[in-house]
Amino acid sequence: MVLSDRSIKEALAEGRIVIDPLDESDIQPASVDLHLGRMLLAFTNSRRPYVDLREDVADLTEELKLADDDPFMLHPGEFILGSTMETIHLPNDLVASLEGKSSLGRVGLVIHSTAGYVDPGWQGTLTLELTNVSRLPITLYYGMRIGQISFQRMTTPVDRPYGSKELGSRYFGSTGPTATRMHLDFDEKRVR
């Protein structure tokens with residue numbers, strides 16, 4: 001079941017859900033608005049002829065820092081990584097979903113390609129997969145409302161929350177946009 005604003009406020013007050021920083025006005029009827037953090041990872045397409053998922057491809061991105069009032073222009077068809085300004089902590093019996101704001105979707109801004117699911121036990125900022133599907137550039141600003149997170153109660157707490165050693169959770173504790181670590185799937189030393 002999806003948590004209502006009342007249940008979200010209770011979970012926040014009890015410390016079961018942590019959202020830091022949090023402005024009470026960001027609590028919506030069944031979600032909490034999240035904001036764009038300062039750091040972006042922009043792709044530099046000239047360093048490799050293709051993306052080989054068996055290799056660490058962190059060198060394909062360049063870190064950029066948003067100033068307080070200067071926009072970043074996301075051009076049509078462009079894809080960058082960003083992150084939420086907020087750090088999120090989830091307990092072992094809640095799962096969360098990240099979605100875009102409808103006002104941004106109406107101008108062609110997509111905030112995640114596939115990574116809208118937040119596992120129980122998650123701790124860190126959320127990486128955003130930002131794409132402009134419109135025909136005009138879209139301005140992105142530090143601190144703007146970028147998405148919303150909703151929470152669902154699970155039937156039982158999980159046995160192995162995200163971040164458990166045996167899971168090899170790759171992005172646990174993220175503090176900004178994080179490039180893919182898919183190459184770890186191909187590491188022969190990794191236990192499956």
Side-chain angles (χ1 to χ4, degrees), residues 3 8-9 11-12 15-28 30-43 56-72 74 78-101 104-105 109-132 138-152 158 161-165 167-184:
L3 270 59
I8 291 170
K9 288 176 186 177
L12 288 164
R16 289 179 29 73
I17 297 174
V18 175
I19 301 175
D20 184 37
L22 174 67
D23 184 324
E24 292 281 326
S25 68
D26 288 327
I27 300 174
Q28 301 300 317
S31 65
V32 177
D33 285 342
L34 300 175
H35 302 82
L36 183 61
R38 193 172 296 280
M39 303 310 294
L40 300 173
L41 290 179
F43 284 83
D56 183 353
V57 293
D59 67 331
L60 286 179
T61 58
E62 169 186 11
E63 191 171 80
L64 304 173
K65 185 175 183 179
L66 290 173
D68 285 342
D69 293 319
D70 293 335
F72 175 86
L74 187 64
E78 193 172 14
F79 175 79
I80 63 169
L81 298 176
S83 67
T84 59
M85 187 168 66
E86 295 84 1
T87 298
I88 310 291
H89 293 212
L90 293 183
N92 296 347
D93 64 344
L94 292 180
V95 66
S97 294
L98 175 67
E99 296 297 336
K101 297 292 295 173
L104 298 176
L109 182 64
V110 177
I111 71 159
H112 71 78
S113 302
T114 61
Y117 185 80
V118 187
D119 279 306
W122 170 264
Q123 292 183 25
T125 58
L126 300 173
T127 293
L128 306 168
E129 303 153 342
L130 300 163
T131 304
N132 178 354
I138 298 172
T139 55
L140 301 177
Y141 292 91
Y142 166 68
M144 68 182 277
R145 289 181 192 207
I146 197 73
Q148 56 196 342
I149 190 169
S150 62
F151 307 93
Q152 297 178 29
V158 296
Y162 194 83
S164 297
K165 186 176 180 179
L167 288 180
S169 304
R170 299 177 190 150
Y171 307 106
F172 186 78
S174 296
T175 58
T178 307
T180 185
R181 295 181 180 152
M182 182 71 184
H183 65 283
L184 296 175

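Counting from 1, the numbers follow the sequence of the chain as shown. Since we're looking at a predicted model, the values are computed, not measured.
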Polar side-chain atom of [X] near backbone of [Y] as donor-acceptor pair, under 3.5 Å:
X    : Y    : answer
Q148 : G100 : yes
T178 : G176 : yes
E129 : T114 : yes

Side-chain touch [X]/[Y], heavy atoms, less than 4.5 angstrom:
X    : Y    : value
I27  : K9   : yes
V18  : Q123 : no
L74  : L109 : yes
F151 : L90  : yes
E99  : S150 : no
H183 : V57  : no
R16  : H89  : no
L36  : L128 : yes

To the nearest 0.5 Å, what is the distance between [atom1] on [X] and [atom2] on [Y]?
X    : Y    : atom1 : atom2 : answer
Y141 : D70  : OH    : CG    : 8.5 Å
I8   : L22  : CD1   : CG    : 10.0 Å
L66  : M144 : CG    : CE    : 10.0 Å
E78  : F43  : CD    : CZ    : 10.5 Å
D93  : Q152 : CG    : CD    : 12.5 Å
L126 : S174 : CG    : OG    : 8.5 Å

Shortest non-hydrogen separation from [X] to [Y] and the atoms involved:
X    : Y    : answer
I80  : A42  : CG2-CA, 4.1 Å
L12  : I17  : CD2-O, 3.4 Å
P120 : V95  : CD-CG2, 4.3 Å
V118 : I149 : CG2-CD1, 4.5 Å
L40  : F72  : CD1-CG, 3.7 Å
S169 : G163 : OG-N, 2.8 Å

Parallel under 30°, tilted from 30 to 60°, perpendicular over 60°: which one fits the rings of W122 and F172? perpendicular

Give every residue pair that meets the salt bridge (Lys or Arg N to Asp or Glu O under 4.0 Å) criterion with at least one member in residues 33-43, sequence neighbours excluded. D33-K101, D33-R145, R38-D68

Which residue is it: D26, D23, I146? I am looking for the one with a side-chain contact (heavy atoms from CB on, under 4.5 Å) to H35. D26

Under the criterion side-chain contact (heavy atoms from CB on, under 4.5 Å), which of L81, I138, L140 is the partner of L130? L140

